[in-house]
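Report on the following structure.
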Amino acid sequence: MKSPLLTLPGAVPAEGVDEGVAAHYGDLFREQRALADGTGFVDLSHRGVVAVTGEDRLAWLHLLLTQHVSDLPAGRATEALILSANGHIEHALYLVDDGGTVWAHVEPGTQEALIAYLESMKFFYKVEVADRTEDTAVVHLPAGSIAEVPEGAVVRETPHGRDLFLPRAELEAYAAQAGPPAGILAYEALRVEQHRPRLGFETDHRTIPHELGWIGSAVHLQKGCYRGQETVARVQNLGKPPRRLVFLHLDGSEVHLPVAGTELRLADDGPDGRKIGFITTSARHHELGPVALALVKRNVAVDAPLVAGDTAAAQEVVVEP
């Protein structure tokens with residue numbers, strides 16, 4: 001979906017997965033500072049939107065998701081995963097129930113595969129699943145924002161801000177009165193600062209929830225069966241995940257950021273040392289400078305200096321080894 005807000009002054013289109021919305025509007029750090037101060041908004045209208053209706057919607061989703069949602073109160077935001085039979089992460093849903101419909105936004109382009117899976121699991125349950133991406137846009141308001149929410153909009157209230165589900169036809173009108181726009185690069189920089197993983201960025205084909213710190217926030221350990229639960233329970237009770245998410249402070253003297261996929265090595269081992277991890281997301285932060293999220297082997301010492309390609313990196317623990 002190509003956003004109409006790409007016509008706003010200064011808008012520079014994003015590339016890759018986030019194609020369709022603005023990377024920035026001419027001043028990346030100003031946009032970050034505005035979001036950090038609780039002003040402005042982020043256009044997330046490229047994200048997929050899925051709606052589930054029917055009287056069995058919460059009980060049915062409870063059987064499929066990693067999160068406890070059978071008694072989810074109307075208006076309470078949560079997030080959940082769908083795992084493979086082997087416990088690997090396949091989908092991440094950011095959802096809220098408005099009393100009659102469960103609304104979820106998901107990574108751009110993943111909604112079709114998600115809906116196909118959900119449809120295959122309907123059986124006798126009284127539920128309907130719909131792709132609402134074409135008529136519904138997601139807008140993010142940062143924590144502390146006092147911007148008005150349009151009447152009738154569905155809201156996900158989280159510690160990091162509010163996600164609004166708006167009729168796509170109202171997106172331009174809302175943007176005109178919601179404050180200064182901030183691009184996806186500013187949003188991503190704050191996500192990295194907050195250590196929040198993102199499907200397809202911090203995940204690969206073998207990622208399990210424990211590696212990213214998704215236990216608790218997206219995975220409930222006291223609920224009934226769901227696909228992949230055996231892996232979650234085994235790691236929780238008997239072992240440790242093979243990798244762990246870390247936050248990196250990168251050498252600010254380097255001109256270029258190490259991109260996603262850049263190999264990490266122990267600084268003491270030199271450029272020919274063994275690979276111990278890789279960058280998942282890198283960003284330029286308005287206060288912290290160049291930063292990144294990365295996955296490293298669990299047994300890497302938490303105070304070990306690292307190098308990302310040729311860039312020195314100091315780690316902060318996100319997931320305990």
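Quick caveat: nothing in here was measured; it's all calculated off a predicted structure.
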Margin query: Tell me whether T39 contacts the main-chain N or O of A34 through its side chain, where contact means a donor paired with an acceptor under 3.5 Å.
Written below: yes

Item checked: Partner set under side-chain contact (heavy atoms from CB on, under 4.5 Å) for D269, not counting sequence neighbours -> L266

Notebook entry, point to check: Quick one: CG on D27 to NE2 on H286, what's the gap to the nearest 0.5 Å?
Noted result: 12.0 Å

Item checked: Exercise: do D43 and S3 side chains pair donor with acceptor under 3.5 Å -> yes

Next item on the list: Please indicate whether E119 has more than 12 foreign heavy atoms, meaning atoms of other residues, nucleotides or ligands, lying under 6.0 Å from its CD.
Entry: yes

Margin query: Hydrophobic clustering (ILVMFWY, side-chain heavy atoms < 4.5 Å, transitive) - are L65 and V127 grouped together?
Written below: yes

Next item on the list: Return the orientation label for the Y94 and H105 ring planes: parallel under 30°, perpendicular over 60°, tilted otherwise.
Entry: parallel

Notebook entry, point to check: Taking NZ, NE, NH1 and NH2 as the nitrogens, is one of them in R76 or D97 under 4.0 Å from a carboxylate oxygen of the other?
Noted result: no

Notebook entry, point to check: Listed by chain and number, what are the ring pair (Phe, Tyr, Trp, His ring centres under 6.0 Å) partners of H68, not counting sequence neighbours?
Noted result: H62, H220

Next item on the list: Evaluate side-chain contact (heavy atoms from CB on, under 4.5 Å) for V49 paired with V138, printing each intermediate quantity in order.
Entry: CA-CA 8 Å; V49 177; V138 180; 3.8 Å; yes

Note to self: Are more than 12 heavy atoms, taken from residues, nucleotides or ligands other than K122, located less than 6.0 Å from that residue's NZ atom?
What the structure shows: yes

Notebook entry, point to check: Do NZ/NE/NH1/NH2 and the carboxylate oxygens of R156 and D163 come within less than 4.0 Å?
Noted result: yes

Item checked: Shared hydrophobic cluster, L5 / L185 (ILVMFWY, side-chain heavy atoms < 4.5 Å) -> no

Note to self: Going by side chain to side chain donor-acceptor pair (under 3.5 Å), name the pairs with one or both residues in residues 164-182, residues two or more places apart or in two chains.
What the structure shows: none

Next item on the list: Any pair with a residue in residues 178-195 that passes salt bridge (Lys or Arg N to Asp or Glu O under 4.0 Å), sequence neighbours left out, goes on the list, sorted by first then second residue, please.
Entry: E188-R191, E188-R198, R191-E202

Check: Do the side chains of P290 and H285 get nearer than 4.5 Å, heavy atoms only?
Finding: no

Next item on the list: Flag yes if more than 12 heavy atoms outside E15 fall under 6.0 Å of its CD atom; otherwise flag no.
Entry: no

Note to self: Return the OG1 to CE distance between T136 and M1, rounded to the nearest 0.5 Å.
What the structure shows: 9.5 Å

Check: Of all residues at least two apart in sequence or in a different chain, which pass the ring pair (Phe, Tyr, Trp, His ring centres under 6.0 Å) check with F247?
Finding: H195, H249

Item checked: CG-OG1 distance between L245 and T280, expressed to the nearest 0.5 angstrom -> 6.0 Å

Next item on the list: Starting at OG1 of T66, measure out to CG of L81 and round the result to the nearest 0.5 Å.
Entry: 4.0 Å

Check: Could you go step by step and tell me if V102 and V96 meet the side-chain contact (heavy atoms from CB on, under 4.5 Å) rule?
Finding: CA-CA 6 Å; V102 173; V96 66; over 6 Å; no

Next item on the list: Taking salt bridge (charged side-chain N to carboxylate O under 4.0 Å, His left out) as the test, write out the residues that go with E263, two or more places apart.
Entry: R265

Donor-acceptor pairs under 3.5 angstrom involving side-chain atoms of residues 292-305: please list them, not counting sequence neighbours.
{"unit_1": "R298", "atom_1": "NE", "unit_2": "P241", "atom_2": "O", "d": "3.2"}

Checklist line | Non-neighbouring partners of Q229 that pass side-chain contact (heavy atoms from CB on, under 4.5 Å), sequence neighbours left out | finding: C225, Y226

Note to self: Does either side chain, that of D131 or that of T133, offer a donor lying less than 3.5 Å from an acceptor on the other one?
What the structure shows: yes

Check: What residues, two or more places apart in sequence or in another chain, satisfy side-chain contact (heavy atoms from CB on, under 4.5 Å) together with D37?
Finding: none

Notebook entry, point to check: Any chance the rings of F41 and H140 have centres within less than 6.0 Å?
Noted result: no

Check: Distance-only, no hydrogens or angles: does the R162 side chain make a donor-acceptor pair with backbone N or O of S145 under 3.5 Å?
Finding: yes

Margin query: Run the side-chain contact (heavy atoms from CB on, under 4.5 Å) test on R206 and N86 for me, step by step, so that the C-alpha distance in whole Å, both residues' side-chain angles and the decisive distance to 0.1 Å come before the verdict.
Written below: CA-CA 9 Å; R206 59 192 181 96; N86 293 322; over 6 Å; no

Next item on the list: Return the set of residues passing salt bridge (charged side-chain N to carboxylate O under 4.0 Å, His left out) with E316 (not counting sequence neighbours), or none when no residue passes.
Entry: none

Check: Taking atom CD1 of I146 as the centre, does the number of heavy atoms from other residues, nucleotides or ligands within less than 6.0 Å exceed 12?
Finding: no

Notebook entry, point to check: Who else is in the cluster with I208 when I, L, V, M, F, W and Y are joined by side-chain contacts under 4.5 Å?
Noted result: V235

Check: What pairs meet the side chain to side chain donor-acceptor pair (under 3.5 Å) rule with one or both residues in residues 235-246, with sequence neighbours excluded?
Finding: D204-R243, T207-R243, H210-Q236, E211-R243, R244-Q315

Item checked: Atom pair OH (Y125) and CG (L61), whose distance is rounded to the nearest 0.5 Å -> 11.0 Å

